[in-house]
Novice: 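Sharing a structure below in structure tokens format, with a few things to ask.
Excluded from the calculations below are hydrogen atoms, water molecules and symmetry mates; all remaining heavy atoms, backbone and side chain alike, are included.
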Amino acid sequence: MVLKSLYFTVSQDTSLGGTYSGVEAMGLLWSLRPVPGSKPGLRLRKKNVQTPMEVTISVYQGHQTEGFVDQVPLASVLVERWYMAPGVRRIPITEEGLTATLFLPAGPGPFPGVLDLWGGGGQLVEYRAALLASHGFASLALDYLTCKITLETGKMVDNQYFETAYRVLQQHPQVLGSRIAMLALSLGTSITLRMAVNSQVIKLRCAVCIGGSHVQPSDGSVKEILTYFNRNGSKTRFSEKNEVIWRDLLLPITTDPSFKVDMGRLQCPLMLVVGEDDQNWAAYDSAMDIKEMMERAGNSHLLTILSYPKTGHLIEPPYTPHFRASIFRKADTHEKIMVLWGGQTVEHSHAQEDAWKKMLVFLRENLYGGTNPGATLLSHL
């Protein structure tokens, strides 16, 4: 960021250059980049949500765009970015074979619940669930690809694993068992749509699906979904930088109903969040097909689509730095590859901010019935 003066307000004053230009209140955060010379393909993610993400903001003499390490700043300030609001509780869950973490909002509850699923990289990713709890939702972050039971047996989980997670969340004394949603990204979307439509156990009040698809075999679970994707591996493309592009694996969207979730049977409100420059999944094409299926079935009144131009696959909580490509480790083969996610930094960052606000409103309306949750809301996230 290049400034005209040492004294400035980022929400009012203009950046004249650097990683972003113009007036952007949170531009210093969403435009963060790895230090020049860093290992290629890095992506910034918070693993320990019990401590803040610390960001040092410094001002240097002159119009500098690199070489800061060797210079003495004129002034510096340490900014803390918390994912857990005061009073939010983090509870590891290992019962019934689960690998999960429950985040409970501050206060006595009971609270509506959210089952939070991430994508094909596996691991127990907690920062979105922590944020959701900070906004009044009891949130269960679930690892379903690299979970303990899979590591011990070598077998991928079946649909019952997700039903167990739902039931554990539902039966918690501080959770409103009749007010539960699922929120998912990428591969987690495939699971969410499957369970929302087909499960006799999981009865959702609503679902939010980010950057995913309903295209998958009608039978089976995680293993069958991944096998179906891998069978289309010949459709993989590569960018000029040799980054993997997987969006064509599900294209053209099949007309065979045995390879799609029957979205006409969906009975709960659904929000689809789509990046139109998603280079990893055919999210936009899938959303349009879901819309057509639901219109034909007469349940399209349940569907909300947020579609963002020049936005990629990884639509994260607001102010998360945008990474157009990064190293990705496949959970099933452990292979490390450079994957192209897509998106342009400014548009993608604005989409993250807009989508997060609308997702929270959607969850509140459907889980709280329009009432304001009795928990601390974080104005900065």
Novice: Are L176 and Y368 joined in one hydrophobic group, where the rule is that I, L, V, M, F, W and Y side chains link up if heavy atoms are under 4.5 Å apart?
Specialist: no

Novice: side-chain contact (heavy atoms from CB on, under 4.5 Å) for V274 and I315? Distances and angles first, verdict last.
Specialist: CA-CA 8 Å; V274 175; I315 300 176; over 6 Å; no

Novice: Please report the C-alpha distance between R167 and E96 in whole Å, then the side-chain angles of each, then the deciding distance to 0.1 Å, and finally whether the salt bridge (charged side-chain N to carboxylate O under 4.0 Å, His left out) criterion is met.
Specialist: CA-CA 10 Å; R167 193 167 55 249; E96 299 194 51; 3.6 Å; yes

Novice: Taking side chain as C-beta onward, heavy atoms only, is F362 less than 4.5 Å from V208?
Specialist: yes

Novice: Considering only heavy atoms from C-beta outward, does the side chain of R296 approach that of K291 to under 4.5 Å?
Specialist: no

Novice: Would you say I202 and L117 are hydrophobically clustered, going by side-chain heavy atoms of ILVMFWY under 4.5 Å?
Specialist: yes

Novice: Please answer whether the main-chain N or O of K336 pairs with a side-chain N or O of K330 as donor and acceptor at a distance below 3.5 Å.
Specialist: no

Novice: In the single-linkage hydrophobic clustering (I, L, V, M, F, W, Y; side-chain heavy atoms under 4.5 Å), do F103 and M359 co-cluster?
Specialist: yes

Novice: To the nearest 0.5 Å, what is the distance between CG (N230) and CD1 (I225)?
Specialist: 12.0 Å

Novice: What closest approach, in Å, do G312 and H348 show between heavy atoms, and which atom pair accounts for it?
Specialist: N-ND1, 2.9 Å

Novice: Does a donor on one side chain sit under 3.5 Å from an acceptor on the other, for R265 and N198?
Specialist: yes

Novice: Do T320 and E316 meet the criterion of a side-chain donor-acceptor pair at a distance under 3.5 Å?
Specialist: no

Novice: Should R128 and L183 count as side-chain neighbours, where that means a heavy-atom distance under 4.5 Å?
Specialist: yes

Novice: Give me the atom names and distance for the closest heavy-atom approach of I180 to G177.
Specialist: CD1-O, 3.8 Å

Novice: In chain order, what residues pass the salt bridge (charged side-chain N to carboxylate O under 4.0 Å, His left out) check against R237, with sequence neighbours excluded?
Specialist: D248

Novice: Please evaluate residues Y319 and W356 with respect to the criterion ring-ring contact (aromatic ring centres under 6.0 Å, His included), reporting the C-alpha separation (whole Å), side-chain torsions for both, the decisive distance (0.1 Å), and the verdict.
Specialist: CA-CA 10 Å; Y319 323 128; W356 179 252; 9.9 Å; no

Novice: Measuring only between side-chain heavy atoms, which start at C-beta, is T345 closer than 4.5 Å to F323?
Specialist: no

Novice: For A129 versus A141, what's the shortest heavy-atom pair and its separation?
Specialist: CB-CB, 3.8 Å

Novice: Between D143 and T146, does any side-chain donor sit less than 3.5 Å from a side-chain acceptor?
Specialist: yes

Novice: Could you measure the distance from the CD atom of E224 to the OG atom of S218? Nearest 0.5 Å is fine.
Specialist: 10.5 Å

Novice: Test side-chain contact (heavy atoms from CB on, under 4.5 Å) on Y20 and L28 and set out the steps.
Specialist: CA-CA 8 Å; Y20 81 92; L28 287 172; 4.1 Å; yes

Novice: Do the side chains of D158 and K223 get close enough for a salt bridge, i.e. N-O under 4.0 angstrom?
Specialist: no

Novice: Kindly determine whether F137 and F111 satisfy ring-ring contact (aromatic ring centres under 6.0 Å, His included), including the steps that lead there.
Specialist: CA-CA 6 Å; F137 305 100; F111 308 97; 9.4 Å; no

Novice: Between M271 and K358, what is the shortest heavy-atom contact and its length?
Specialist: CE-O, 3.8 Å

Novice: Less than 4.5 Å apart, side chain to side chain, heavy atoms only: is that true for T236 and L249?
Specialist: yes

Novice: Indicate the atoms forming the closest heavy-atom contact of T150 with K155, along with that distance.
Specialist: OG1-O, 3.1 Å

Novice: About how many Å separate CG of D278 and CD1 of I210, when rounded to the nearest 0.5 Å?
Specialist: 11.5 Å

Novice: With a 6.0 Å cut-off on ring centres, are F259 and Y228 close enough?
Specialist: yes

Novice: In terms of side-chain heavy atoms, does Q279 have a donor or acceptor partner in D277 at a distance below 3.5 Å?
Specialist: yes

Novice: Do you know the tightest heavy-atom contact between L132 and S139?
Specialist: CB-OG, 3.1 Å

Novice: If we only count heavy atoms from C-beta on, is the L270 to M263 side-chain gap below 4.5 Å?
Specialist: yes

Novice: Do E126 and T101 pair up side chain to side chain, a donor and an acceptor below 3.5 Å, judged on atom types alone?
Specialist: yes

Novice: Under a 3.5 Å threshold, yes or no: a donor from one side chain and an acceptor from the other, between R89 and Q174?
Specialist: yes

Novice: Does W30 belong to the same Ile/Leu/Val/Met/Phe/Trp/Tyr cluster as V10, with side-chain heavy atoms less than 4.5 Å apart forming each link?
Specialist: yes

Novice: Kindly check if the number of other-residue, nucleotide or ligand heavy atoms within 6.0 Å of CD (Q160) is above 12?
Specialist: no

Novice: Within the 3.5 Å criterion, strictly below it, is a donor on T51 or K46 matched to an acceptor on the partner's side chain?
Specialist: yes

Novice: Is it true that D256 and S258 share a donor-acceptor pair across their side chains at a distance under 3.5 Å?
Specialist: yes

Novice: Please round to the nearest 0.5 Å and tell me the distance separating atom CG of L340 and atom CD of E240.
Specialist: 11.0 Å

Novice: Could you tell me if the ring centre of Y161 sits under 6.0 Å from that of Y144?
Specialist: no

Novice: Counting distance only, does the side-chain N/O of T99 pair as donor-acceptor with the main-chain N or O of K148 below 3.5 Å?
Specialist: yes

Novice: Just checking, is any N or O donor in the side chain of S221 or N159 under 3.5 Å from an acceptor N or O on the other one?
Specialist: yes

Novice: Is it true that a side-chain atom of S38 and a backbone atom of P34 form a donor plus acceptor pair closer than 3.5 Å?
Specialist: no

Novice: Show, in sequence, the C-alpha distance, side-chain angles and deciding distance for E24 and S15, and conclude whether the side-chain hydrogen bond (donor to acceptor under 3.5 Å, both in side chains) test is met.
Specialist: CA-CA 8 Å; E24 297 283 355; S15 170; over 6 Å; no

Novice: Taking the side chain as everything from C-beta on, heavy atoms only, tell me whether E163 gets closer than 4.5 Å to S199.
Specialist: yes

Novice: Rounded to the nearest 0.5 Å, what separates atom NZ in K357 from atom CD in E353?
Specialist: 4.5 Å

Novice: Start with the C-alpha gap between M293 and K260, add the side-chain angles, then the distance that decides, and say whether side-chain contact (heavy atoms from CB on, under 4.5 Å) holds.
Specialist: CA-CA 10 Å; M293 292 177 71; K260 289 194 287 191; 4.1 Å; yes

Novice: Can you tell me which residue among F328, W246, W281 is in a ring-ring contact (aromatic ring centres under 6.0 Å, His included) with W341?
Specialist: F328

Novice: Could you go step by step and tell me if E276 and S307 meet the side-chain hydrogen bond (donor to acceptor under 3.5 Å, both in side chains) rule?
Specialist: CA-CA 7 Å; E276 296 178 16; S307 188; 2.7 Å; yes

Novice: Should L193 and I290 count as side-chain neighbours, where that means a heavy-atom distance under 4.5 Å?
Specialist: yes

Novice: With no hydrogens and no angle check, is any side-chain donor or acceptor of R205 less than 3.5 Å from a backbone partner on R179?
Specialist: no

Novice: Have H322 and E347 got a donor and an acceptor in their side chains that come within less than 3.5 Å?
Specialist: no

Novice: Rounded to the nearest 0.5 Å, how far apart are OG1 of T192 and CE of M182?
Specialist: 3.5 Å

Novice: Do Y166 and V168 sit in the same hydrophobic cluster, where Ile, Leu, Val, Met, Phe, Trp and Tyr count as joined when their side-chain heavy atoms come under 4.5 Å apart?
Specialist: yes

Novice: Is there a donor-acceptor pair under 3.5 Å between the side chain of S213 and the backbone N or O of V215?
Specialist: yes

Novice: Checking Q267 against L204 for the side-chain contact (heavy atoms from CB on, under 4.5 Å) test, could you report, in this order, the C-alpha distance in whole Å, the side-chain angles of both residues, the deciding distance, and whether it holds?
Specialist: CA-CA 9 Å; Q267 297 181 20; L204 301 178; over 6 Å; no

